[in-house]
Amino acid sequence: MTRKAKARLLWAGLFLSVLGLAAVWFLSQNREAELQTFAMGSYVRQTVWGPGGKAAMEAASQAVADLENRISWRREDGDIAQVNRQAGQRPVPVEPETLALLEQMRQLSEASGGAFDVTIGPVAQLWDFDSGPHLPEAGELEAALALVGYDRLLTGGDALFELASVPQELFDGDAAALEQAAALLDPGMALDLGAVGKGAACDAALAQYQEAGVKGAVIAVGGSIGLYGQKPDGKAFRVSVRDPEGQGSLGVLELPGGYVSTSGSYEKYFEQNREKYHHILDPRTGYPAESGLVSVTVWCPPEMDWKWPGALSDGLATACFVLGLEDGQKLLEGYGAEGIFVDGDGAVAVTPGLEGRFSLTAPGYHREAGAP
Ligand code: ADP
Ligand code: MG
C-alpha cells in the first residue's frame, strides 16, 4: 500500500469513528425510557428522554412515595396525620416543604372563597369515597361542616400562640421549629390534601428530573400531569383530555410544558336512591358540588413563579369545578392559569390562553365562547 493510500485509510477510519461516537451520543441524548408504578391510589406513568432517564424515574418514584407518606392523612407518622391528631391541642413542627404546600393551599382556599378548602377533612371522611361511600345523615354533615374552615389553620409562629398547650420541649431554643409549625384550632378539624396530592406528586417528580439533568420528561399521576423540558423532536407535548362521558378522549392539548390537572364528577361516585353522588364536595353545603360542570382541566404554564405549580393546577381544577364556569374563569385569570370547562350539555369552554392549543375531537360536544 502506498503512503498516500495508508493515510487515506487512516482518515476514513477516524471519520467513521467520529461518526459512530456522534451517533452513540445522539441516541443516548434522545433515548426514551418508561416506568409504571403505583402511588396515591393511582398508576404513575413516566416517560423520560436523555441520559440518566432510568435513574431519574426511580428517584422520582421515590420522591412521590416520600411525599405521600408526608401528606396523606392516612399515614400515621406523616406531617398531615400528626397535625390532624393534635387538632385543637398543640402545634406540630412539619417539614419545610409541607409547610410551604399548606400555606399555598390555604391561600388558594382563600382566593377561591372557600370553594376549595384544605380543611375539608371531616366532611370528606364522612362521605368516605375511598373505602365505603355512602350518603351521610344531615345532622352529622352539619356537625362536620362546622369543623371546616381554612382560616382556622395556622402556620409558622402564629400556630404557637393561639393554642393552649405548647410543648415547650419541642420549641425551647429552637427558633426553626417555631417557624415550621402548623396547627388546627379546633378539636375534630382535619386537613385533607386529597384534591392536590397528585398534582403535588408531579411537582416532586419534576424536581428530580431537573436535578438529574434529563432532557425531557412526562409524568402522569391519575388525572395530573407534569411536563418537563423538551421532547427529542422539539415539538409540543401532546396531552389527551379525557371524555367525561366516555372512556376515550375529549380532545388534545398541545403544550410547551407545565402542569395539567383534571377534576371530573365521573371519577368517583356512587348511586343511592337513584341519585348520583360524586366526590367533589362544595364546602359551603357539604354535598357534591352542583355547578353544572362535569369536568374542568387546568393548565399552569411552566414560567409561573410558584413553588407547587402542580398542586396548584390540581387544586384549581377542584375549585373551578365547585365554582362553575364564570367564577372559575375569574379565579384562573388571577393566577395566570388556563382551563377547559365541560358542562353537562356537552358545551366546552376554553380560556384565551388555550385557544389554538386545544382541539376538540370527541363527537357530541360543541365549543362555547367563554364568559367575556
Ligand atoms: P381524585 O384525583 O382523587 O379524584 P380530586 O383531585 O378530584 O381527586 O379531588 C377529590 C378529593 O379532594 C376528594 O376525595 C376529597 O378528599 C377532596 N375534596 C373534595 N372536595 C374538595 C374541596 N371542595 N376542597 C378541597 N378538597 C376537596
Ligand atoms: Mg383536584
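Counting starts at 1 for both ligands and their atoms, in listed order.
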*Nearest to atom 3 (O) of ligand 1 by heavy atom, K198, R284, M105: which?*
K198
*Of the protein's non-hydrogen atoms, which lies at the shortest distance from atom 15 (C) of ligand 1, and what is that distance?*
D192 OD2, 3.6 Å
*May I ask you to decide whether E97 forms a salt bridge with K307, counting only side-chain N to carboxylate O separations under 4.0 Å?*
yes
*Given V221, T262, L281, T119, which has its nearest heavy atom closest to atom 22 (C) of ligand 1?*
L281
*asked:* Tell me if the aromatic rings of Y277 and F270 count as close, with their centers under 6.0 Å from one another.
replied: yes
*What ring-ring contact (aromatic ring centres under 6.0 Å, His included) pairs are there with at least one residue in residues 322-358, not counting sequence neighbours?*
W306-Y335
*Heavy-atom contacts with E267 under 4.0 Å: which atoms of ligand 1 show up? List them by number with element.*
1 (P), 2 (O), 4 (O)
_For atom 24 (N) of ligand 1, the protein heavy atom that lies nearest, with its residue and separation_ = D117 N, 3.1 Å
*Using a strict 4.0 Å threshold on nitrogen-to-oxygen distance, state whether R367 and E355 make a salt bridge.*
yes
*Quick check, are the ring centers of F321 and H279 under 6.0 angstrom apart?*
no
_ligand 1 atoms in contact with K268 (distance to a heavy atom under 4.0 Å)_ = 3 (O)
*Do D130 and R74 sit within salt-bridge range, that is, some charged N less than 4.0 Å from a carboxylate O?*
yes
_Which of the ligand 1 atoms, numbered from 1, are nearer than 4.0 Å to a heavy atom of P283_ = 23 (N)
_Salt bridge present between D151 and R106 (N-O < 4.0 angstrom)_ = no
*Between R75 and E68, is there a side-chain N and carboxylate O pair less than 4.0 Å apart?*
yes
*Return the residue, atom name and 0.1 Å-rounded distance of the protein heavy atom closest to atom 27 (C) of ligand 1.*
I120 CG2, 3.7 Å
*Among all protein heavy atoms, pick the one closest to atom 10 (C) of ligand 1 and tell me residue, atom and distance.*
H279 CD2, 3.4 Å
*Angle in degrees, rounded to 10°, that OD1 of D314 and O of A195 form at the Mg ion (ligand 2)*: 70°
*Under 3.5 Å donor-acceptor, D343 side chain and G346 backbone*: yes
*Give a yes or no on whether T318 keeps an N, O or S atom under 2.8 Å from the Mg ion (ligand 2).*
yes
*Tell me which one of S265, G315, A195 gets a heavy atom nearest to atom 6 (O) of ligand 1.*
A195
*May I ask whether A115 has any heavy atom positioned less than 4.0 angstrom from an atom of ligand 1?*
yes
*Residue S263 vicinity, atoms of ligand 1 by number, heavy atom under 4.0 Å*: 6 (O), 7 (O)
*Transitively linked via ILVMFWY side-chain contacts under 4.5 Å: V94 with V118?*
yes
*Using a strict 4.0 Å cut-off to heavy atoms of F116, name the atoms of ligand 1 that fall inside it.*
24 (N), 25 (C)
_List ligand 1 atoms under 4.0 Å from D314, heavy atoms only on the residue side._
6 (O)
